[in-house]
Amino acid sequence: MSLRRPFIPFLLAAGGMIAPLPALAGGFYLQEQSPLEIGRALSGGAAAGDDPSTIYFNPAAMTALPGIQVSAGASALMPFAHQSNRGTVRTVPGTPLRLPVTGGDGGNPFDSVTPVPSFYASAQLTDRLWLGLGVNAPFGLKLEYDDDFFGRYDSLYTDLKTYNIQPSAAYKLTDRLSIGGGVDVQYVKAELTNALPQLSPLATSDGFARLKGDDWSIGWNAGLFYTSGDTNWGVHYRSGITHKLAGTQSVSGLLGPIATGNGDFAATASLALPDIVTVSMMHRLTPNLRAMLTAKWYNWSKFKGIAVTTAAGTSNKELDYRDSYSFSAGGEYDVSPRLTLRAGTMFDRTPTNPQHLTTRVPDGDRVWLSAGATYNISPAAALNIGYAHTFVDKARIVRPDSYYPAPATVTATTITDTTGNADQVAASVTLRF
């Protein structure tokens, strides 16, 4: 059995090691970019124009914010997921055997609390021109299963971080119509690990694979904001960003003929994030009561897979993501000049393809229920708080990943039922000058 060294990292990449990366971005787009918006399930979206966080949702609506305003806050995500083994197996090279993969359920892979910070500032320069700046984290996930997880050949550890810096401008064309836009300067950093099966099922230890990489890339966004007084309309477009992560692929612990695959190798992996279109409406029903609706569309179908390049060449992993969408509805009521209460609900469809699910992203369609409040401490300062519970659909994951070239090919098929939900608490302070 001859396995030349250059082919091993190539086939590891083509198999299960790097493929889960794009699913992270699909299943873990972080909608939680504003503690105020969380309280109404993001229904204010591109039309509310009542907080500097509108810089992210629709910079054109900055023209509804007088003077200089600053908002800083964070959301604390508390997700939970559980995996139930439903017959995970592996093959043995040269035989028809399909043997069970033993191990525990991996525990809850998420940190007990995951912070998502945000900062926004808007400034009215003239009666027509506004400038703004937003800093946030639109994608992210940290997930770690126990070392003996039965799905360890699919995933063990995931750490994905993004940081987005968005300088923006808005211009009031008329007293009712405004345009706005911005540039998205985005940094992404990822580290992914998983176990690797040995050729012999009698081996007492697994191999181990790690991918680390990062990248800076640039996108853009633009929007329109229209108000008739009692009704606001907003539409916003955010361009997709394609990252090319550069870093290192490390392989260790392989035994026997495949031990030539151990080592550190330079690698790149593309990561395409979707275009996002948002349409929103806010209507004032009474002087104190407002209703809001928002619809979003995510162009995930542009993402057909991931291309991984090593010294051995380029491989492609088919994932066939689907376009996704979300609908949210909410309302808020001014109890007094100081206190506003709000609530909302949202349906958020997952973009992941049922045929390509992974334990790295225990994801499904989601339903939000949320509530929040704003307390005006003074005319110059307000405290915003929000809470949301997210119900996530159950899913059956059947994920085969093949490793090593023939005749040494081992296929590990992770079969699991995944369940989960999430809570989040958010708070921010808005200052007006």
Side-chain angles (χ1 to χ4, degrees), residues 12-30 77 79-86 88 101 103-111 114 139-162 188-197 206 208-213 243 245 247 249-250 267 269-273 300 303 305-306 308 317-321 350-364 366 392-403 412-420 422:
L12 290 175
M17 179 180 164
I18 299 177
L21 177 61
L24 286 175
F28 283 84
Y29 169 64
L30 297 175
L77 303 184
F80 171 82
H82 180 261
Q83 304 296 333
S84 299
N85 193 352
R86 293 295 183 258
T88 298
V101 176
D105 64 9
N108 178 20
F110 295 105
D111 283 349
T114 301
F139 293 85
L141 172 68
K142 189 172 183 180
L143 174 153
E144 185 172 16
Y145 292 100
D146 297 338
D147 290 342
D148 69 342
F149 175 41
F150 68 81
R152 59 190 177 274
Y153 300 132
D154 179 31
S155 70
L156 276 174
Y157 176 77
T158 303
D159 190 4
L160 175 72
K161 297 182 178 73
T162 61
V188 61
K189 181 179 181 180
E191 179 177 356
L192 310 176
T193 75
N194 59 271
L196 297 172
D206 292 315
F208 184 75
R210 171 181 280 112
L211 174 70
K212 298 175 69 174
H243 289 280
L245 284 76
Q249 174 181 302
S250 301
S270 62
L271 173 62
L273 305 181
W300 272 117
F303 193 92
I306 186 169
V308 180
K317 180 73 173 183
E318 293 294 328
L319 292 171
D320 293 327
Y321 268 36
T350 179
T352 55
N353 189 319
Q355 297 181 12
H356 299 287
L357 297 179
T358 168
T359 59
R360 208 178 285 279
V361 185
D363 193 30
R366 308 168 187 177
V392 184
D393 276 359
K394 299 177 181 179
R396 167 65 61 93
I397 296 173
V398 180
R399 183 176 183 83
D401 286 307
S402 295
Y403 305 85
T413 303
T414 303
I415 306 174
T416 177
D417 286 339
T418 179
T419 59

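For the single chain, residues carry numbers from 1 onward in sequence order.
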Pairing residues for Asp146 by the salt bridge (charged side-chain N to carboxylate O under 4.0 Å, His left out) criterion, not counting sequence neighbours: none

Under the side chain to side chain contact (heavy atoms under 4.5 Å, CB included) test, residues paired with Asn353 that sit two or more places apart: Asp320, Gln355, His356

Spacing of Leu357 atom CG and Thr352 atom OG1 [to the nearest 0.5 Å]: 5.0 Å

Close side-chain approach of Phe80 and Pro362, heavy atoms under 4.5 Å: no

Nearest-0.5 Å distance, NE2 of residue His243 to NZ of residue Lys189: 14.5 Å

Inter-residue atom distance Lys212.NZ - Gln249.CD, 0.5 Å rounding: 14.0 Å

Nearest-0.5 Å distance that lies between atom CG in Asp417 and atom NE2 in His82: 10.5 Å

Which residues share a side-chain hydrogen bond (donor to acceptor under 3.5 Å, both in side chains) with Asn85, sequence neighbours left out: Thr88

Ala195 backbone acceptor or donor facing Asp206 side chain under 3.5 Å: no

Under 3.5 Å donor-acceptor, Thr193 side chain and Ala209 backbone: no

Residues in side-chain hydrogen bond (donor to acceptor under 3.5 Å, both in side chains) contact with Thr418, at least two apart in sequence or another chain: Gln83

Side-chain donor or acceptor of Arg360 paired with backbone N/O of Tyr157 under 3.5 Å: yes

Minimum heavy-atom distance between Trp300 and Pro351, given as atom pair plus value: CD1-CB, 3.3 Å

With Lys161 via side-chain hydrogen bond (donor to acceptor under 3.5 Å, both in side chains) - residues at least two apart: Asp159

Side-chain heavy-atom pair Leu245, Val188 within 4.5 angstrom cut-off: yes

Option among Thr413, Thr416, Thr414, Thr358 that satisfies the side chain to side chain donor-acceptor pair (under 3.5 Å) test with Asp154: Thr358

Criterion side-chain contact (heavy atoms from CB on, under 4.5 Å) on Ile397 and Thr359, from CA distance to verdict: CA-CA 8 Å; Ile397 296 173; Thr359 59; 4.2 Å; yes

Those residues that, when tested against Leu77, pass side chain to side chain contact (heavy atoms under 4.5 Å, CB included) (two or more places apart): Leu30, Glu32, Pro79, Thr114, Val116, Gln424

For the student: nearest non-hydrogen atoms of Phe139 and Leu273, plus distance: CE1-CD1, 3.6 Å

Any residue meeting ring pair (Phe, Tyr, Trp, His ring centres under 6.0 Å) with Phe149, in chain and number order, not counting sequence neighbours: Tyr145

Electrostatic pair Asp401:Arg399 at N-O distance under 4.0 angstrom: yes

Donor-acceptor side-chain pairing of Thr350 and Asp363 below 3.5 angstrom: yes

Flag, side chain of Arg210 to backbone of Ser250, donor-acceptor distance under 3.5 Å: no

Gap separating the CZ atom of Phe208 from the CZ atom of Arg152, nearest 0.5 angstrom: 13.0 Å

pair Tyr153-Asn194: side-chain heavy atoms closer than 4.5 Å: no

With sequence neighbours excluded, residues passing side-chain hydrogen bond (donor to acceptor under 3.5 Å, both in side chains) with Asp148: none

Validation row: Leu196, Tyr403 side chains within 4.5 angstrom (heavy atoms): yes

Tyr29 side chain to Gly140 backbone, donor-acceptor under 3.5 Å: no

Within 6.0 angstrom of Asp147 CG, more than 12 heavy atoms from elsewhere: no

Results of salt bridge (charged side-chain N to carboxylate O under 4.0 Å, His left out) for Asp105 - residues two or more places apart only: none

All side chain to side chain contact (heavy atoms under 4.5 Å, CB included) counterparts of Lys394, not counting sequence neighbours: Thr419

